[in-house]
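Heads up, the thing below is written out as structure tokens.
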Amino acid sequence: MKNLIKTSAAVIVTALLGACGFDQATPPCAVGHGGYGAQYTYVSGNQSGACFRKGDIIGVQKYRTVDSDAQTIHLRPEVIGFGEGLVGFEEPNLTSAGPLTSPKPDADGFCTAPTLSVASGVTNAGDYSLSYAFSNVKFFVDGAVAGTQFTADLTISSTDEACSSTYTVKAMYPVLFCNDFNEATEDRPAGTGQPNQELCGEPDHLWSHYSASPLFDSTCNEIGNYAEDLDWLEIGQPWHLCTPTKAVPSLK
């Protein structure tokens, strides 16, 4: 009888455990809303001039269609959209937008928007116009990375400057500047504006005061002269951002 009770109890427990299902459910396609630090890897086209860039800050939003599962990704390069804000998106022409193919990640964990509209606008310095054509945008989503890294293909062009360059993109949220502007403390002198890899593991000290996920593997990379792009701070050094070290997902 005791053995029968034990056996019956084991069967019941096994059935209950199976019914509960301890595997994590597939998460929906989530994205971080706000600024991403993006690094561009050159592929083809002009290697100097207006269309040649090492990276950008890209504002990201996702919108869901009313009474539908359809979701649309909106990307705004800050070099042409800073004056309009990263999350307002009041001017559609400054935003590259396209639908996700599914409300849930694929088998590899990616939520994909294969085709997006072209974002066009005048640079914040007002020197010339730029167009950003994103495609094959893929946000990585799982239980630990809720759409806070993405990869994409990108073509930057300018009719004013008669140029065009193509890139692959890898980006992470939130924006983390890694030029060292920390104030002097008892433990260290004041920062000089030089890039500092250690800042990629700390809360951002210039932009948001947020930290990236401790799971992220990121590197302090030069993205260009943002003092000219944004016209709000002259630092005497090229701007550097923390961006994914490896292909997305870039994890430790």
Side-chain angles (χ1 to χ4, degrees), residues 29 31-65 68 70-102 110-140 147 149-173 175 223-226 228-231 241 243-244 248:
C29 285
V31 303
H33 290 189
Y36 284 62
Q39 181 185 5
Y40 300 159
T41 299
Y42 171 82
V43 176
S44 64
N46 298 90
Q47 289 185 271
S48 62
C51 297
F52 184 71
R53 300 185 66 82
K54 297 181 179 180
D56 275 303
I57 295 173
I58 299 175
V60 175
Q61 283 279 27
K62 184 188 73 170
Y63 295 102
R64 180 176 176 272
T65 303
S68 169
Q71 300 176 86
T72 303
I73 294 298
H74 294 250
L75 306 180
R76 172 164 294 180
E78 189 172 295
V79 66
I80 60 173
F82 180 76
E84 300 298 329
L86 282 175
V87 294
F89 295 87
E90 295 89 352
E91 297 293 336
N93 60 300
L94 299 179
T95 301
S96 179
L100 291 174
T101 56
S102 171
F110 286 99
C111 297
T112 302
T115 305
L116 291 84
S117 61
V118 177
S120 297
V122 178
T123 61
N124 295 301
D127 297 335
Y128 47 82
S129 63
L130 285 178
S131 293
Y132 279 67
F134 290 95
S135 61
N136 200 31
V137 177
K138 295 183 177 183
F139 285 84
F140 184 75
Q149 290 189 14
F150 77 83
T151 182
D153 297 322
L154 170 65
T155 298
I156 299 176
S157 58
S158 173
T159 54
D160 295 341
E161 302 295 312
C163 63
S164 180
S165 302
T166 63
Y167 306 88
T168 56
V169 181
K170 54 183 181 179
M172 58 177 267
Y173 172 89
V175 173
I223 61 166
N225 190 354
Y226 248 72
E228 290 183 359
D229 291 343
L230 303 184
D231 194 27
L241 292 178
T243 59
V248 174

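- Rounding to the nearest 0.5 Å gives a distance of 3.5 Å between CD of Gln47 and OH of Tyr42.
- Relative ring orientation between Tyr167 and Phe52 is described as tilted, the plane-to-plane angle lying within the 30° to 60° band.
- Contact record, Ala119 with Pro77: CB-CD, 4.3 Å, taken as the closest heavy-atom pair.
- Distance check: Leu94 CG to Glu78 CD gives 12.0 Å after rounding to the nearest 0.5 Å.
- Partners of Thr159 by side chain to side chain contact (heavy atoms under 4.5 Å, CB included), not counting sequence neighbours, listed by chain and number: Ser129.
- The CD atom of Gln39 sits 10.0 Å away from the CG atom of Leu241 when rounded to the nearest 0.5 Å.
- Between the side chain of Ser165 and the main chain of Ile156, no donor-acceptor pair closer than 3.5 Å is present.
- Residues Leu100 and Ala113 come closest through the heavy atom pair CD2-N, 4.0 Å.
- Scored by the ring-ring contact (aromatic ring centres under 6.0 Å, His included) test, Tyr173 finds Tyr36 as partners (sequence neighbours excluded).
- Across all non-hydrogen atoms, the minimal contact from Val169 to Thr151 is O-OG1, 2.9 Å.
- Considering every non-hydrogen atom in both Ser135 and Leu116, the closest pair reads CA-CD1, 4.3 Å.
- Side-chain contact check for Val60 versus Lys62: every heavy-atom pair is 4.5 Å or farther apart.
- Taken from CD in Gln61 to NE2 in His33, the straight-line distance is 5.0 Å, to the nearest 0.5 Å.
- For the ring-ring contact (aromatic ring centres under 6.0 Å, His included) test, no residue two or more places apart in sequence or in another chain qualifies with Tyr132.
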Pair Asp153-Thr166, side chain to side chain contact (heavy atoms under 4.5 Å, CB included): steps then yes or no:
CA-CA 8 Å; Asp153 297 322; Thr166 63; over 6 Å; no
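- Contact record, Ser164 with Thr155: OG-CG2, 3.6 Å, taken as the closest heavy-atom pair.
- Taking each heavy atom of Pro114 and Pro99 in turn, the nearest pair found is CD-O, 3.9 Å.
- Using modelled atom types, one finds a donor on one side chain and an acceptor on the other under 3.5 Å when comparing Ser120 with Ser131.
- Contact of the Asn136 side chain with the Thr112 side chain is registered, since non-hydrogen atoms from C-beta on lie closer than 4.5 Å.
- Here Arg76 contributes atom CZ and Asp56 contributes atom CG; the two are 13.5 Å apart, rounded to the nearest 0.5 Å.
- Judged by distance alone, with hydrogens and angles left aside, the side-chain atoms of Ser96 form no donor-acceptor pair with the main-chain N or O of Leu75 at under 3.5 Å.
- A ring pair (Phe, Tyr, Trp, His ring centres under 6.0 Å) with Phe150 is found for exactly one of Phe110, Phe140, Phe134, Phe139, namely Phe139.
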Just do the side chain to side chain contact (heavy atoms under 4.5 Å, CB included) check on Val79 and Arg53 with the steps written out, would you?
CA-CA 11 Å; Val79 66; Arg53 300 185 66 82; 3.8 Å; yes
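- Atom OG1 of Thr168 sits about 9.5 Å away from atom CG of Leu154, to the nearest 0.5 Å.
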